[in-house]
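The structure appears right after this line, and notes come after that.
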Amino acid sequence: MPSLCRHQSFILATFLALFTAGLASATVPTTMPYQGFLTDGSGDPISGTVNLHFSLYTQDTGGTPVWQEQHASVAVTAGFFQVELGDQTLLADQLFEAPLYLGIAVDGDPEMTPRMRVGSVPFARASGALACNVGETNCGGGICADLQTDPNHCGSCGTACGPGMVCVQGACAGCSPGWILCSGICVDPSSDIYNCGGCGSVCGATQCAAPICQSGSCGLDGSGLGGATCDDSNACTVSDTCDGNGNCVGTPVADGTPCPGGTCTGGQCL
């Protein structure tokens, strides 16, 4: 059974987009979304749970953290995970009075390098100003709105769409036949893995298969993970890999090989 050697392979652009959007929307928030991507030592995406430790510093190397937060048992699906920074330890305004660098450690391993520079948008929080993202309009009252898609500010600030309506290119409209409205967005429940068969019905993945939604029912597709390392939880197999059909398959060790509580026989511990 392989052991996972996790290393940093985070999506910087995704992090920055989520980070700044979390600070420049609706009202000035106290948390910031962070999304990343984890692989094992061979570069294959992992699935399972990990413990993540986040730290903010005022310098890119060395120094003492000015903020820390631990996230236990974070779900990782096909390499991807997301957490809310600040939902356990307050992100005080005074933190943003100086440049910041984010450090991350996985499962108690040493902190990964290099640290990630935090962009300039969070500094608007400390000053009390509201810095809107590109494509958004400051509608007052601490609200940044995309007038092309926001159903509460469709085409212009304060113009709200009616119940069951969405904002498409600055105009209110209903969902297409067969589509449904979920959290203000029209989705196809027959194929949307996050709303499969109904709003909020999320299709899950396995270590050897990605989620799919077909005709409103969740399924699995292992074709994209064929050959990836996995763990079949069998002490009597080695070189466990995904077979492309979503199954984790290992090669049996020689009969008589010791295993917990017995010896291996025909690939099973007896």
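Index from 1, following the sequence. Please read these numbers as outputs of a predicted model, since none were measured by experiment. Scope of the values below: all heavy atoms of this structure, side chains included, with no hydrogens, waters or symmetry mates.
- Taking the side chain as every heavy atom from C-beta outward, Thr39 and Asp44 never approach each other to under 4.5 Å.
- The side-chain contact (heavy atoms from CB on, under 4.5 Å) check on Ile185 picks up Val187, with sequence neighbours excluded.
- For residues 241-251, the set of pairs meeting the side chain to side chain donor-acceptor pair (under 3.5 Å) definition, not counting sequence neighbours, comprises Asp243-Asn247.
- Among Val50, Leu52, Ile46, the single residue meeting the side chain to side chain contact (heavy atoms under 4.5 Å, CB included) criterion with Phe81 is Leu52.
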Can you give me every donor-acceptor pair (side chain of residues 189-199, partner residue at least two apart or in another chain, under 3.5 Å) with its distance?
{"unit_1": "Ser190", "atom_1": "OG", "unit_2": "Asp188", "atom_2": "OD1", "d": "2.6"}
{"unit_1": "Ser190", "atom_1": "OG", "unit_2": "Asp188", "atom_2": "OD2", "d": "3.1"}
{"unit_1": "Ser191", "atom_1": "OG", "unit_2": "Asp188", "atom_2": "OD2", "d": "3.3"}
{"unit_1": "Asp192", "atom_1": "OD1", "unit_2": "Tyr194", "atom_2": "N", "d": "2.8"}
{"unit_1": "Asp192", "atom_1": "OD1", "unit_2": "Asn195", "atom_2": "N", "d": "3.4"}
{"unit_1": "Asn195", "atom_1": "OD1", "unit_2": "Gly200", "atom_2": "N", "d": "2.8"}

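- In this structure, Cys269 and Gly262 approach most closely via the heavy-atom pair SG-N, 4.2 Å.
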Yes or no on side chain to side chain contact (heavy atoms under 4.5 Å, CB included) for Leu181 and Val166, after CA distance, side-chain angles and deciding distance? CA-CA 8 Å; Leu181 187 66; Val166 295; 2.9 Å; yes
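- Under the side chain to side chain donor-acceptor pair (under 3.5 Å) criterion, no residue pair touches residues 204-216, with sequence neighbours excluded.
- The only member of Thr89, Leu102, Leu85 that meets side chain to side chain contact (heavy atoms under 4.5 Å, CB included) when paired with Leu56 is Leu102.
- At a threshold of 4.5 Å between side-chain heavy atoms, the hydrophobic network of Ile, Leu, Val, Met, Phe, Trp and Tyr places Phe54 and Met112 in one connected group.
- Residues satisfying the side-chain contact (heavy atoms from CB on, under 4.5 Å) criterion with Cys242, sequence neighbours excluded, are Cys208, Ala228, Cys230.
- Among all heavy-atom pairs drawn from Met165 and Cys172, the shortest one is CE-C, 3.9 Å.
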Trace of the side chain to side chain contact (heavy atoms under 4.5 Å, CB included) decision for Thr58 with Val66: CA-CA 7 Å; Thr58 57; Val66 295; 4.0 Å; yes
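- Each of Thr137, Asn138, Asn152, Asp150 was evaluated against Cys157; a single residue qualifies, Thr137, per the side chain to side chain contact (heavy atoms under 4.5 Å, CB included) test.
- Judged as a side-chain hydrogen bond (donor to acceptor under 3.5 Å, both in side chains), and not counting sequence neighbours, Gln59 has no contacts.
- Looking only at side-chain heavy atoms (C-beta outward), Thr263 and Leu270 stay at 4.5 Å or farther from each other.
- Within the structure, every pair that satisfies the side chain to side chain donor-acceptor pair (under 3.5 Å) test and touches residues 67-80, not counting sequence neighbours, is listed here: His53-Gln68, His53-Gln70, Glu69-His71, His71-Gln88.
- For residues 159-179, every residue pair satisfying the side chain to side chain donor-acceptor pair (under 3.5 Å) rule, not counting sequence neighbours, is listed here: Ser156-Thr159.
- If you chain together hydrophobic residues whose side chains sit under 4.5 Å apart, Tyr57 and Leu91 never meet in one group.
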Run the numbers on Cys167 and Cys154 for disulfide (SG to SG under 2.5 Å), then give the verdict. CA-CA 6 Å; Cys167 184; Cys154 189; 2.2 Å; yes
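- Residues Leu225 and Leu38 do not share a hydrophobic cluster, clusters being chains of Ile/Leu/Val/Met/Phe/Trp/Tyr side chains in contact below 4.5 Å.
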His153 and Cys139: CA distance, side-chain angles, deciding distance, side chain to side chain contact (heavy atoms under 4.5 Å, CB included) verdict: CA-CA 8 Å; His153 305 275; Cys139 287; 4.0 Å; yes
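- A search for side-chain contact (heavy atoms from CB on, under 4.5 Å) contacts involving Asp221 returns Ile212, Ser223, not counting sequence neighbours.
- Under the 4.5 Å side-chain heavy-atom criterion for Ile, Leu, Val, Met, Phe, Trp and Tyr, Leu100 and Ile104 are members of the same hydrophobic cluster.
- Residues forming a side-chain hydrogen bond (donor to acceptor under 3.5 Å, both in side chains) with Ser217 (at least two apart in sequence, or on another chain): none.
- With sequence neighbours left out, the side-chain contact (heavy atoms from CB on, under 4.5 Å) criterion links Thr149 to Asp146.
- Between Cys259 and Cys264, a gap of 2.5 Å or greater is found separating the two SG atoms.
- Across all non-hydrogen atoms, the minimal contact from Cys213 to Cys203 is CB-SG, 4.2 Å.
- One side chain, Asp232 or Thr237, offers a donor N or O that lies under 3.5 Å from an acceptor on the other.
- Without hydrogens or angle criteria, Ser47 side chain to Ala78 main chain gives a donor-acceptor distance under 3.5 Å.
- For the salt bridge (charged side-chain N to carboxylate O under 4.0 Å, His left out) test, residues two or more places apart in sequence or in another chain that qualify with Glu111 are Arg115.
- Residues Val253 and Val238 have side chains in contact (heavy-atom distance under 4.5 Å, counting atoms from C-beta outward).
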